[in-house]
Amino acid sequence: MTSPATLQKNDLVPEIAAKALWIRRRSFQMVYEAQMGHPGGDFSAADILATLYFGVMQFTPDRPNDPARDRFVMSKGHCTGAFYSVLAAAGYFPEADLKTYMEPLSKLNGHPNRNYLPGVETNTGPLGHGLPVATGIAIAGQIDNADFRTFVLTGDGELQEGSNWECALTAAHRKLENLTLIVDRNRLQQGARTEETATLDPLDDKWRAFGWHVEVVDGHDHGQLLEVLTASPKGRGKPLCVIANTFKGKGVSYMHDNVAWHHGVPNKEQYEQAMAELVQ
Amino acid sequence: MSAAASKKEGYFDCRDSFAATIEALAERDPRIVTVVSDSVGSSKLGGFKKKFPERMVNVGIAEQTLVAVGAGLANGGKVPFVSAASCFITGRAMEQVKADIAYSNVNVKLIGQSSGVAYGELGPTHHSIEDLAWLRLFNNLTLIVPADPWQTEQAILAAAEMDGPVFVRVSRMPVPALARATGSKFAIGKAETLVEGSDATIIANGTMVHRAVAAATALRSEGISARVVNMATVNPLDEAAIAAAAETGAIVTIEEHSVRGGLGGAVAEIIASTNPVPMRIMGFPGFVPTGSAEWLMEHYGLTDAGIAAAVRQTIARKK
């Protein structure tokens, strides 16, 4: 297993940054070639995913069912561009498979399927499913007194689904300190800003009121993400909610904080401009 | 359900069989856990809770979490039996059943308790006469509707044995132990013929099976030879048993479920595309009026006499 904890955190930042850039470029190529996808959310999540897979989680890609692995649940299952890219980068399957994104009979469905791909823990797509499943995984770890951690990434608009909040009670009641929720707080849902649709703020207070430990970070700052995600949860007695403030479309000027890129797809000119901007 | 009915001599509550079996299983398999939504008592899991407090997860009144947590526990190497009133574990958590359990194809056992109209006077919000129709759409979800205490035990054991998602529908309606040949075995997907017959076939499951046997016995005295097939597994269906039923030239299905999309619908799909013969689907028409479970069954003719009459009428339709 990789042991990022043994390394100095700051040493990891350049590699994580490089992986995040690669995820943005590779996922955008997938969306461009498929002419389908959710690139705005891919980009808001790219830094979080790169940090988890290259700085936080312990896993062995060639043993995807290792009982001791840390688990990651991609609750915002529509952002498969970024998710499949990070899985390929982490070694779960060949990068060449990414070329088949959404093609007939591809293992890379628009939403992830655990029966098609290693590294996918549960099938997501409908919103509000990831946190409750991740809670069940964390409970299994709690029953066995196991060391693995369970991470789940949700969108912020997704928190309008009630299933998250009934489960928030369960996770806090059971003091699931082995469970970490990361909210990709890009403030844009499919059709408009979250705060214009169904107000989420003050989001940190809501999670605290539900009995969770809350950290608010810049979701594009790998150092900050590393800091809160690698801190030992032992003895905290609460599940952790990391509110990662992000921008939809982060990294490309014309997509930045622009709701049109929730599931917008680029034409040739836009694609080329994005690739010119997505450089180190 | 009236108190009198539940105490009928020689009749059993299949939930007791479920509870005893899951406790015995948990003794020998440490992976077995139960998941409930404040449904300990209604699932008769008080004994399990006492014996294995660490292996019971009570999520509170939260069925979406209930079902999803089951999926997560399976990911963590457990064999979860997720138990709640059938009306809620299905209808309230349908998308979790679809995405987290069936489509994800995980090793979770869903137990739908007190199915059908067992909650009688509490009304259609608490009845579960839609569950089989809803769940039958998930092609990889095994569906078992046991008919008596022995078959409930066997269904729970078989569910634990197989690797994959299973739904077992457990009734609280009192049923007698069915007479079977010694050495009878239960297998998922295999129907059992309880009464041989050649003029018509009654295909039943759950609480309706003993009534079908009584109807066949009554018909025999009139010279009508009606076969009784206990189709405990609704998915996968025993298509050979249905083909054989068609050979008798008339089929009556009966279930404690809506006439839409349940066992009757499943049999009709096969019959319509293979060997169409006169067929009658017995069950409830939809939302039912206020009444006890027994009264509702009487009202809709789901009785020994009602089944016998349906068999006569269906035989009369033979060309």
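Naming convention: chains lettered A, B, ... in sequence-line order (proteins, then strands); numbering from 1 in each chain.
Contact count versus chain B (heavy atoms, under 4.5 Å) is highest, among Val133(A), Leu131(A), Thr170(A), for Val133(A). Between chain B and the options Val73(A), Asn113(A), Thr135(A), heavy-atom pairs under 4.5 Å are most frequent for Asn113(A). Ranking Val67(B), Thr65(B), Val33(B) against chain A, the residue ahead of the rest is Thr65(B), based on heavy-atom pairs under 4.5 Å.
In summary, the aromatic rings of Phe72(A) and Phe83(A) are positioned with their centroids under 6.0 Å apart.
Side chains of Lys44(B) and Asp13(B) form a contact here, defined as non-hydrogen atoms less than 4.5 Å apart. Between Ile22(B) and Ile32(B), some side-chain heavy-atom pair lies under the 4.5 Å cut-off.
Interface residue Ile143(A): only side-chain heavy atoms are found under 4.5 Å from chain B.
Within the structure, salt bridge (charged side-chain N to carboxylate O under 4.0 Å, His left out) contacts touching residues 124-135 of chain A (residues at least two apart or in different chains) do not occur.
No side-chain donor-acceptor contact under 3.5 Å links Glu256(B) and Ser115(B). Arg172(B) and Ser114(B) share a donor-acceptor pair across their side chains, judged by distance under 3.5 Å alone.
Within residues 86-103 of chain B, the residues approaching chain A closer than 4.5 Å by heavy atoms are, in numerical order, Glu95(B), Gln96(B), Ala99(B), Asp100(B), Tyr103(B).
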Assess the residue pair Asp201(A) and Arg185(A) against the criterion (salt bridge (charged side-chain N to carboxylate O under 4.0 Å, His left out)); give the C-alpha distance rounded to whole Å, side-chain angles, the decisive distance to 0.1 Å, and a yes or no. CA-CA 11 Å; Asp201(A) 281 334; Arg185(A) 184 78 173 109; 3.2 Å; yes
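At least one donor-acceptor pair under 3.5 Å links the side chain of Asn235(B) to the backbone N or O of Asn139(B).
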